[in-house]
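As C-alpha cells, the structure follows; a few thoughts come after it.
First the proteins, then the strands, lettered A, B, ... as listed; each starts at 1.
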Protein chains: 2
Amino acid sequence: MARGTRESPPTSIQATVIEEMRGRIISGAVEPGTLLSELALAEEYGVSRTPVREALKQLQTEGLVEIRPRVGTFVTIPSRREITELFEMKELLEGAAARLLAQRGRVPEVDLLEANLRESDEAVARDDRERYAELVHDFHDLLVRGADNHKLEAHYRTLMNQLAYPRLVMTSLNRPGRPFESDREHHRVLELVLAKDGDSAERVMREHVRESRRALLAGLPVIGDGPGSR
Amino acid sequence: MARGTRESPPTSIQATVIEEMRGRIISGAVEPGTLLSELALAEEYGVSRTPVREALKQLQTEGLVEIRPRVGTFVTIPSRREITELFEMKELLEGAAARLLAQRGRVPEVDLLEANLRESDEAVARDDRERYAELVHDFHDLLVRGADNHKLEAHYRTLMNQLAYPRLVMTSLNRPGRPFESDREHHRVLELVLAKDGDSAERVMREHVRESRRALLAGLPVIGDGPGSR
DNA sequence: TTACGATCTCTTGCATGCCAGAGCCGTAGC
DNA sequence: GCTACGGCTCTGGCATGCAAGAGATCGTAA
C-alpha cells in the first residue's frame, strides 16, 4: 500500500522509481492519460526495464496508472464516477478516524491538532491560502494518523493519492469564505474529539468532508468522463 | 486491487499465478509463514521466474505475502493487532455499505438478499452450518456489492482476503446459538435497508459485525503475535 | 477521394543469466 | 564444550534478449 514515508536505507531501485513516479502523478507533473513507456523511463532513470516494470505494476494496484497489455501504461484518468466514489470513501474513512481518535482520548496527535488549529486561525486571519492549504492537509493527515489504525491509514493514503488531492485543495479554498468555514469546521471536530464524543465527531467530520467536496466541485471545471465508468 | 472474479479472456500467466496463489493463501492451503520460493513456484507452474515474481509482488501489495529482500517471500502472519484493525475496517466498510444500499432503495441486490435470508432461515432451522456459512459469506458480499461503490468493494475484498475470512466464519458459527442470532441480525439489517433508514442500517450492521467478531474470537485459539506489530 | 490492406514500429509479456546479500552449517581455535 | 569465523547455498534484485500483439501509417486499388 501507499507508503508515503519511511524506508530510506533499503533503497532498492524499484522503490526509488515507485516514489518518484508516484510523486509525479499525484503532484500533476505528468498529465492524466500520459503514456509511460517502460523503456523511456528505464533510460531516464538509467536502469533496466525490470525495476521500472515492477514499479509500474505496483502503481497500477494503487490505481495511479493503467497497464493495457501490449499497448502501453497510462496515467489513470479518473472518471466522474470514480471521483464521487473516492469522496464517499474519504468521508467514510475520515469520519471513522475522528471517531477512533475521540475514543483514544488525549494522545500526542491531539496536541498536534490543537497546534495546527492555532496556526490555521492565523493563516486564515491573514488570508494566507497557500499556507492554510498545507495546514488543512496536515490536519486531515494528523486525524487519520491519530486513529492509530495502520490499515485505515494505508488505504486512506492510497485513495487520496488517486484523488491527487493536494492539487484540489486550493480550488476549494479559493471560494470566498470557504477557508473561514473550513477552519471553523475543523474546530468543531476537534472539540468533539476532546469531549470524547465519538459519534458526534464522526458525524461532524463527515459533514465537513461533504462540505469541502461541495466547495471543491463547485469551483472545478467539468471533467470529461473517462471510459471506465462501467 | 483484489479482483476476485472477472477477466477470463486475457489470461496472462502472471494473472493465473496471482489467482492461484491468492486462492491458496486465503483458503489456508498454505500455512502462514510458509516460504514461497520464486524458483520453486516457477517450476511448479512450468513458467519462468518473471511472472511468478510479479505475481508475488502484487500479492505483497495486497498484504498476503511479505517479501524480505535477499531472504525470501513468506505468507503473511497477521499479528493480533492487525486482526483487530481488520475487524475495525470490516465493521466500518460493511456499515457504510448498509447505509449506501439503504439509500439506493430497491435494487436487484436487495432481492437477492431477501432470497438469501429465506434460504438462510432454512439452513439455520436444519442446523446446516456448512451451508449457512456460505450464505453468510454471500450476504455480506451482496451487501457490499449493493453499495455500488467499486472503490469500497475493492478495498473491502483486499481487507477480507487478509483476514482469510472464509476459514474463520465456521469458527464463530460453531458457538451454540450463534447461527440463529446471526440470521436474526441479518434480518434486522435488511429490514432497515428496506425501510431506507440508512443511519440505523449502518448502526445495526456495525453491531452485527462486532457481535460476529466477538463470537469468532471467543472460539479461536490464541494466536502468537507476529513480529510485525511495529 | 475514399476505403482497405499490408507492413512496420512501438508496446509489453516472458525467459534467462548473472550478481550481491543473508543465513546456515561445519570447522577450527580457544 | 563453546565460540567465532569462513565458505557454501539459497534467496531475490537487476540486466538483457527475444517474441507476440496492437496500433499507426502509408500505399494501392476501386
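Residues satisfying the salt bridge (charged side-chain N to carboxylate O under 4.0 Å, His left out) test with B/Arg53, not counting sequence neighbours, are A/Glu54, B/Glu38. The salt bridge (charged side-chain N to carboxylate O under 4.0 Å, His left out) check on B/Glu43 picks up nothing, with sequence neighbours excluded. Partners of B/Asp111 according to the salt bridge (charged side-chain N to carboxylate O under 4.0 Å, His left out) rule, which considers only residues two or more places apart in sequence or in another chain, are B/Arg106. In this view, A/Phe139 and A/His186 satisfy the ring pair (Phe, Tyr, Trp, His ring centres under 6.0 Å) rule, not counting sequence neighbours. Partners of A/Gln103 according to the side chain to side chain donor-acceptor pair (under 3.5 Å) rule, which considers only residues two or more places apart in sequence or in another chain, do not exist here. With sequence neighbours left out, B/Thr73 forms a side chain to side chain donor-acceptor pair (under 3.5 Å) with no residue at all. Residues forming a ring pair (Phe, Tyr, Trp, His ring centres under 6.0 Å) with A/Phe87 (at least two apart in sequence, or on another chain): none. Under the rule for a side chain to side chain donor-acceptor pair (under 3.5 Å), A/Ser212 has no partner lying at least two apart in sequence or in another chain. Residues that satisfy the side-chain contact (heavy atoms from CB on, under 4.5 Å) test with B/Ala115, not counting sequence neighbours, are B/Arg118.
Among the heavy atoms of the strands, none lies under 4.0 Å from A/Glu54.
Residues of residues 31-46 of chain B having a heavy atom closer than 4.0 Å to DNA chain D, listed by number: B/Leu36, B/Ser37, B/Glu38.
Residue A/Thr73 is the one, among A/Thr73 and A/Thr50, whose nearest nucleotide of DNA chain C lies closer to the 5' end (criterion: closest heavy atom).
Judged by a 6.0 Å distance limit and a 45° cone about the ring axis, B/Lys151 is not positioned over the six-membered ring of B/Tyr156.
Along DNA chain C, the stretch of nucleotides lying under 4.0 Å from any heavy atom of chain A spans, 5' to 3', C/dT11 to C/dG13.
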Contact letters for nucleotides 17-26 of chain D, in which S counts primed atoms plus P, OP1 and OP2 and B counts the base, heavy atoms under 4.0 Å: BBBBBS----
